[in-house]
Enquirer: 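Below is the structure I would like to discuss, written out as structure tokens.
These values consider heavy atoms only, across backbone and side chains, with no hydrogens, waters or symmetry-generated copies.
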Amino acid sequence: MKRQEDMEFFSRHLLEWYHRQKRDLPWRRSRDPYHIWVSEIMLQQTRVDTVIPYFNRFIGRFPTIESLAEAPEEEVLKCWEGLGYYSRARNLQHAARQVEDAYGGKVPDDREAVFGLKGVGPYTAGAILSIAFNRPEPAVDGNVMRVLSRFFLIEDDIAKAKTRVKMEGLAKELIPGGEASHFNQALMEHGALVCTPKSPRCLVCPVMERCAGRLAGRETTLPVKTKAKPPRPEARLAALVEGRGERAGRVLIRQRPSSGLLARMWELPHWPAPENDGAGGGAARPEDAAAMDRLRRSLAEAGISARPEEHFMAAEHTFSHIHWTLQVYRCREERLPLPMAAEARAPYAAQRTAVEAPAEASPPALFPAADSADPGAAPELFADEAGHAGERAEMRWIGREDMANYAFPNVFLKLLNAYFDQRDAAASGG
DNA sequence: AAATCGGGGGT
DNA sequence: ACCCCAGATTT
């Protein structure tokens with residue numbers, strides 16, 4: 001069924017098509033393996049059009065592996081802000097340090113070494129080896145599995161790991177001698193531009209006349225893939241705490257734990273919303289007084305003395321496996337602050353040495369402790385999503401201009417911008 | 001093998 | 001509203 005003749009036809013015509021149709025992409029203007037590497041990490045689960053501006057900014061900021069290895073992690077995360085899957089950014093920097101330490105600052109070109117880099121799996125290893133070094137290694141991603149499953153009418157479930165291994169065997173056989181770089185890119189380019197998931201453009205396909213899937217009328221039902229579970233809903237209450245006194249004009253943000261969801265990103269503080277008995281299943285209503293009281297208590301437990309004043313807005317955010325519904329409340333700091341303690345400051349400088357630094361220096365208190373009737377009631381530990389008691393949650397008061405120094409997930413970026421926009425409009429309007 | 005990790009664009 | 005994307009890592 002996959003006759004040698006069909007395989008040669010496929011490879012030859014795809015390669016010719018690629019030389020005519022390939023897009024002019026930033027990472028194709030360079031032969032620097034570092035550029036190829038960065039692009040491939042960014043392109044994991046992410047579309048080309050999304051990646052382009054991030055790639056250009058990233059290479060501008062970290063032009064060399066050395067510059068990336070030496071940068072503060074916060075700065076790398078800020079450069080990745082909005083791109084998602086933030087462990088990619090942290091793994092990439094970790095791998096840059098691996099390359100500096102173990103390979104003299106040059107991207108290695110053998111399979112074992114490349115595969116050993118943090119964040120580099122089967123696909124990315126093959127992509128780097130083939131695209132940057134023209135080694136005959138397969139680079140099988142979702143595009144490639146779709147294209148191959150159609151042309152060769154392969155009905156294996158592409159969600160299964162075994163299928164990827166099988167596809168890698170086939171993809172490697174298909175690489176024309178000395179053409180690994182162009183051919184692997186041709187395969188993916190074809191999947192992105194012609195052999196698309198829905199409505200494939202078979203009429204302009206260079207290999208349509210021998211496409212087994214098309215000839216069987218199966219081009220829209222292939223590839224076979226078991227569908228993912230829908231994300232579980234989570235209702236949460238978020239606080240936009242407005243500072244008073246010397247902190248007037250600033251709002252309170254906190255840093256997430258160093259592992260798990262959105263690791264080390266900054267956010268508005270938020271906690272699970274009380275379950276709504278009855279219909280609906282958990283989404284707090286904006287004007288719910290009980291929700292506001294719950295939020296006040298959550299704030300207090302985190303050592304934040306603030307009172308929810310009014311509903312600000314709702315926000316939705318979907319991850320791969322969780323769907324957040326956030327009800328955001330504008331809150332008023334209750335105590336008059338002492339002179340600025342935890343003032344907003346750029347987090348960059350201290351970051352790399354912070355790991356080695358002894359834990360003796362506790363961060364400055366966000367609120368004066370003396371006037372509390374119950375001094376022991378302000379816990380210093382931060383409980384994350386899973387309920388683990390984790391590291392101390394770092395908190396800062398920031399104004400709009402400080403947002404440039406902290407990396408936020410998009411949902412909080414939008415909330416903060418909406419808040420500052422609205423507040424400043426109200427101030428200038430009357 | 002299944003779950004965990006973002007976010008946006010296409011249909 | 002659902003699918004999927006130039007996937008890797010952890011459990």
Enquirer: Less than 6.0 angstrom separating the ring centers of A:Phe10 and A:His190, yes or no?
Expert: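 Distance test on ring centres: not under 6.0 Å, no.
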
Enquirer: State the pairing partner of B:dG6; accept Watson-Crick or G-U wobble contacts with both distances under 3.5 Å, and report none otherwise.
Expert: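 No nucleotide pairs with B:dG6.
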
Enquirer: Would you measure the distance from the P atom in B:dG6 across to the matching atom in C:dT11 and give it in whole Å?
Expert: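 Looking at atom P only, B:dG6 and C:dT11 are 15 Å apart.
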
Enquirer: Rounded to the nearest angstrom, tell me the gap between atom CG in A:Asp141 and atom C1' in C:dA8.
Expert: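 Going from CG in A:Asp141 over to C1' in C:dA8 covers 14 Å.
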
Enquirer: How long is the line joining CG of A:Leu261 and P of C:dT9, in whole Å?
Expert: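 It is 18 Å, rounded to the nearest whole Å.
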
Enquirer: Give the residues of residues 107-140 of chain A touching DNA chain B, defined as any heavy atom closer than 4.0 Å, sorted by residue number.
Expert: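 Under 4.0 Å from DNA chain B: no residue of residues 107-140 of chain A.
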
Enquirer: Is A:Ser320 side chain donor-acceptor paired with the B:dG6 base, going by distance under 3.5 Å alone?
Expert: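 Answer is yes: a donor-acceptor pair is held.
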
Enquirer: Given B:dG7, is OP1 or OP2 found less than 4.0 Å from the side-chain N or O atoms of A:His317?
Expert: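 Yes, because at least one side-chain N or O of A:His317 sits under 4.0 Å from OP1 or OP2 of B:dG7.
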
Enquirer: Between A:Phe55 and A:Trp27, does the ring centre distance come in under 6.0 Å?
Expert: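 For A:Phe55 and A:Trp27, the ring centres are under 6.0 Å apart.
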
Enquirer: Rounded off to whole Å, could you give me the CZ-to-P distance for the A:Arg88 and B:dG7 pair?
Expert: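 Taking atom P of B:dG7 as the reference, CZ of A:Arg88 is at 10 Å.
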
Enquirer: Between A:Glu75 and A:Lys78, does the salt bridge (Lys or Arg N to Asp or Glu O under 4.0 Å) criterion hold? Intermediate values first, please.
Expert: CA-CA 5 Å; A:Glu75 203 166 329; A:Lys78 183 65 183 176; over 6 Å; no

Enquirer: Mind running side-chain contact (heavy atoms from CB on, under 4.5 Å) on A:Gln327 and A:His311 for me, showing each step along the way?
Expert: CA-CA 7 Å; A:Gln327 298 298 344; A:His311 185 255; 2.6 Å; yes

Enquirer: Residues from residues 16-48 of chain A sitting under 4.0 Å of DNA chain B, heavy atoms only?
Expert: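 A:Gln45, A:Thr46, A:Arg47, in order of number.
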
Enquirer: Grab the CD-P distance between A:Glu81 and B:dG6 for me, whole Å please.
Expert: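 In whole Å, B:dG6 P and A:Glu81 CD are 14 Å from each other.
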
Enquirer: Looking only at side-chain N and O atoms, does A:His321 come under 4.0 Å of OP1 or OP2 in B:dT4?
Expert: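 Looking at the OP1 and OP2 atoms of B:dT4, neither is under 4.0 Å from any side-chain N or O of A:His321.
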
Enquirer: Looking at A:Phe9, I'd like to know if the NZ or CZ of A:Arg210 sits under 6.0 Å from its six-membered ring centre while staying within 45 degrees of the ring's axis.
Expert: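 Yes, a cation-pi geometry.
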
Enquirer: To the nearest angstrom, how far is A:Trp80 atom CH2 from C:dA8 atom C1'?
Expert: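 Rounded to whole Å, this separation is 12 Å.
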
Enquirer: Return the value, rounded to whole Å, for the distance between atom CD of A:Glu234 and atom P of B:dC5.
Expert: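 One finds 11 Å between P of B:dC5 and CD of A:Glu234, rounded.
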
Enquirer: Please lay out, stage by stage, how A:Asn143 and A:Arg146 fare under the test side-chain hydrogen bond (donor to acceptor under 3.5 Å, both in side chains).
Expert: CA-CA 5 Å; A:Asn143 277 321; A:Arg146 184 175 58 256; 2.6 Å; yes

Enquirer: Between A:Thr196 and A:Lys162, name the one whose nearest nucleotide on DNA chain B is closer to the 5' end.
Expert: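 Final value for this comparison: A:Lys162.
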
Enquirer: Who are the side chain to side chain contact (heavy atoms under 4.5 Å, CB included) partners of A:Arg28, not counting sequence neighbours?
Expert: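 A:Arg28 satisfies side chain to side chain contact (heavy atoms under 4.5 Å, CB included) with A:Tyr18, A:Lys22, A:Arg23, A:Leu25, A:Gln185, A:Glu189 only.
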
Enquirer: Under 6.0 Å from the CZ atom of A:Arg31, do we count more than 12 heavy atoms belonging to anything else shown?
Expert: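 Result for CZ/A:Arg31: open.
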
Enquirer: In whole angstrom, give me the gap between the P atoms of C:dA8 and B:dG9.
Expert: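 Going atom to atom, P in each nucleotide, I get 23 Å.
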
Enquirer: Is it true that the NZ or CZ of A:Arg57 lies under 6.0 Å from the centre of A:Tyr54's six-membered ring and within 45 degrees of the ring axis?
Expert: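 Output yes; distance and angle both within limits.
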
Enquirer: Need one value for A:Arg146: base, sugar-phosphate or nothing, where a base atom within 4.0 Å counts as base even if backbone is also close, heavy atoms only.
Expert: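 Result for A:Arg146 = sugar-phosphate.
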
Enquirer: Can you see if the side chain of A:Tyr85 gets near the phosphate of C:dC5 - specifically, an N or O under 4.0 Å from OP1 or OP2?
Expert: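 False: A:Tyr85 side-chain N/O out of range (4.0 Å or more) of C:dC5 OP1/OP2.
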
Enquirer: Roughly how many Å is it from NZ in A:Lys160 to C1' in C:dG7, rounded to a whole number?
Expert: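 For the pair A:Lys160 NZ and C:dG7 C1', the rounded distance is 17 Å.
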
Enquirer: Is the closest basic N to carboxylate O distance between A:Asp24 and A:Arg29 below 4.0 Å?
Expert: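 Salt bridge flag = yes for A:Arg29 with A:Asp24.
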
Enquirer: Nearest-nucleotide wise, let me know which of A:Ser199 and A:Gly260 is further upstream toward the 5' end of DNA chain B.
Expert: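 The residue mapped nearer the 5' terminus is A:Gly260.
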
Enquirer: How are the rings of A:His317 and A:Trp324 set relative to one another: parallel (under 30°), tilted (30 to 60°) or perpendicular (over 60°)?
Expert: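 Tilted.
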
Enquirer: From the list C:dT9, B:dA3, C:dC3, which nucleotide is the closest neighbour of the side chain of A:Lys198?
Expert: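 Out of C:dT9, B:dA3, C:dC3, the nucleotide with an atom closest to A:Lys198's side chain is C:dC3.
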
Enquirer: Nearest of B:dT4, B:dG6, C:dA6 to any side-chain atom of A:Leu262?
Expert: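 Looking only at side-chain atoms, A:Leu262 lies closest to B:dG6.
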
Enquirer: Pick the P atom in B:dT11 and in C:dA6, then give their distance to the nearest Å.
Expert: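 Looking at atom P only, B:dT11 and C:dA6 are 13 Å apart.
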
Enquirer: Round to the nearest Å and state the distance from A:Asn91 atom CG to C:dT9 atom P.
Expert: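 Atom CG in A:Asn91 sits about 6 Å away from atom P in C:dT9.
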
